[in-house]
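Both counts, for ligands and for their atoms, begin at 1 and track the order of listing. Numbers here are sequence positions counted from 1.
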Amino acid sequence: MTTHAEELARYRARTRKSFALFERAQEVLPLGVSSNFRSFKPYPFFIERAEGSRMWDRDGHEYVDFSMCFGALMVGHAHPVLVKAIAGAAGRGTLYGMSHEPEVHAAELLCERFGLEQVRFTSSGSESTMHALRLARTFTGRDKVLKFEGAYHGGHDTVLASVKPAASKVGDARRPQVVPQSEGIPALTLENTLVATWNDPKGVREILEAHRDEVAAVIVEPVMMNIGVVPPRDGFLQELRSLCDESGALLVFDEVKTGAKLAWGGAQPYFGVKADIVCLAKAIGGGLPLGAFGGRRELMDEIAASRSFHAGTYASNPLGIAACTAALEQVLVPAVYEKATALGDALAAGHNEILRKHGLDACAVNVGVNGTVFWRKTPPTNYREWLEQDVEAFWRYWHMCLNRDVIPQAQSYDEQWTVSVAHTQQDVERMLEVFDEIAREMA
Ligand SMILES: Cc1ncc(COP(=O)(O)O)c(C=O)c1O
């Protein structure tokens, strides 16, 4: 049996070149990374290249990658169709700052696929949710936004509250405290953010009633995917739809993680619930930084009338549009979802069987192409339950996986695996083989 300390020593021994780079990086990049979510202990390894379902690190190890850049790469790494489309577009100029036909075509594709009348392009998920919420505030003439405890909607002030609040600060589950996720967010801004508990329709109702005629939008990740994978209880999204209709708030689906992954058309057809505004990014960009938000014309008219501001130098940039179009038309076609979902379900079933065999208090959940192992006996149904797990066990499992050349999911226990179009049955078998060995050691 190897202890966690021994696994860490093994990690250090096999990633010496990464460590040298990490030391250099720390001089010029806070934490040595370009996004805090990429940091993990003892230090992150550095990537040299990626292709299909594989990534190679600086020290020459080949990993089966189930992170897929936090789920952004439903198309897999360096898909030949995407490489060709991006290279072709690059030769025609990378930025125009003017209109071009391909952006119209890509907008048509998004509208058709996600049941929207109009969209505007952005360059990231954060921008998509930021503009969506401004649009909701403009349309309703209200200031407050209701989000769920544990949900992440990007890095802007309104939604950077109660993302990962400490257990000591969360307050009453029915009326959770609004806990800033960062210093530097004006208290006045957070007066307009309300927080509810996921899967608690009574709590949502109470909050909306306490703030009658004040709430512009209820923003949700239709499947919470910043606390592993926590789906809505049967009927919860439908209840949110009704509560929004009663209160006059708009229902905003943050589909940055679910869009073009959960199903061909995302969460709306999957759950049979219509949102007022849909926010997109990650998978729709085919690996390039591209996002969008959209809804019915009546809402988007606020932008046309210049009442709700939206602009962006890189919005609908030709490279992103070429990647988006190729991904949607040629790669993320309806047929791929059945296969990838079956592999995701097989991963969860395989993990659960192994956990049972070795008698470990953990469980695996998969929804669509995304799943995770929760280091607790039963799947959590909200943030507070998710908090109650064996975090040490996660990190031991994480380092053990890396030492055995698999990246089981995106870094940290709030993330999940993504089965992309590039993954095969062999990749799933390899993951399960490694997990069997790890679970045996951990039992
Ligand atoms: C649900 C959700 N919304 C928004 C964002 C922000 O997207 P981006 O990192 O592209 O700004 C993320 C990022 O992970 C996300 O998971």
Side-chain angles (χ1 to χ4, degrees), residues 33-40 67-74 114 120-136 145-164 181-182 193 195 198 217-232 237 251-262 266-268 270-271 275 277-294 310 312 314-317 320 323-324 327 367-372 383 386 409-418:
V33 293
S34 295
S35 165
N36 274 19
F37 294 148
R38 293 182 203 161
S39 172
F40 64 87
S67 162
M68 288 285 138
C69 186
F70 295 85
L73 285 168
M74 183 62 194
F114 295 101
R120 268 290 175 93
F121 288 102
T122 67
S123 303
S124 69
S126 297
E127 264 187 275
S128 295
T129 60
M130 180 182 78
H131 283 108
L133 293 179
R134 181 180 300 126
L135 177 59
V145 167
L146 176 68
K147 76 175 285 285
F148 288 91
E149 198 170 65
Y152 178 64
H153 301 292
H156 52 100
D157 289 357
T158 292
V159 289
L160 211 53
S162 298
V163 177
K164 293 279 167 358
Q181 192 63 32
S182 170
T193 301
V195 174
W198 184 240
V218 175
I219 184 166
V220 296
E221 297 178 67
V223 176
M224 284 191 75
M225 283 213 260
N226 284 281
I227 50 167
V229 175
V230 181
L237 293 179
L251 182 59
V252 177
F253 271 12
D254 176 354
E255 293 224 52
V256 168
K257 278 196 165 175
T258 53
K261 280 204 324 197
L262 186 57
Q268 295 187 98
Y270 188 88
F271 291 112
I277 303 176
V278 173
C279 305
L280 298 160
K282 293 200 198 285
I284 64 155
L288 263 70
L290 182 107
F293 64 101
H310 171 257
Y314 301 99
S316 86
N317 71 83
C324 170
V367 181
V369 301
N370 292 111
T372 191
Y383 172 71
W386 171 84
Q409 60 167 69
Q411 46 271 58
S412 192
Y413 55 100
D414 59 350
E415 284 292 333
Q416 58 283 132
W417 66 60
T418 292

**Complete:** In chain-and-number order, ligand 1 lies under 4.0 Å from a heavy atom of each of Ser124, Gly125, Ser126, Tyr152, His153, Gly154, Glu221, Asn226, Asp254, Val256, Lys257, Lys282
**Message:** I'd like to know if Lys257 pairs up with Glu415 as an ion pair, taking the criterion as any Lys NZ or Arg NE/NH1/NH2 lying under 4.0 Å from an Asp or Glu carboxylate oxygen.
**Reply:** yes
**Prompt:** Checking Gln268 side chain against Ala275 main chain: does a donor-acceptor pair fall under 3.5 Å?
**Reply:** yes
**Message:** Between Phe271 and Phe253, is the ring centroid distance below 6.0 Å?
**Reply:** no
**Asked** Under 3.5 Å, side chain of His310 to main-chain N/O of Phe121, donor-acceptor pair present?
**Response** yes
**Message:** Parallel, tilted or perpendicular: which one describes the rings of Tyr413 and Trp386, with boundaries at 30° and 60°?
**Reply:** parallel
**Message:** Checking the side chain of Thr372 only, and the main-chain atoms of Val229 only, is there a donor and an acceptor separated by less than 3.5 Å?
**Reply:** no
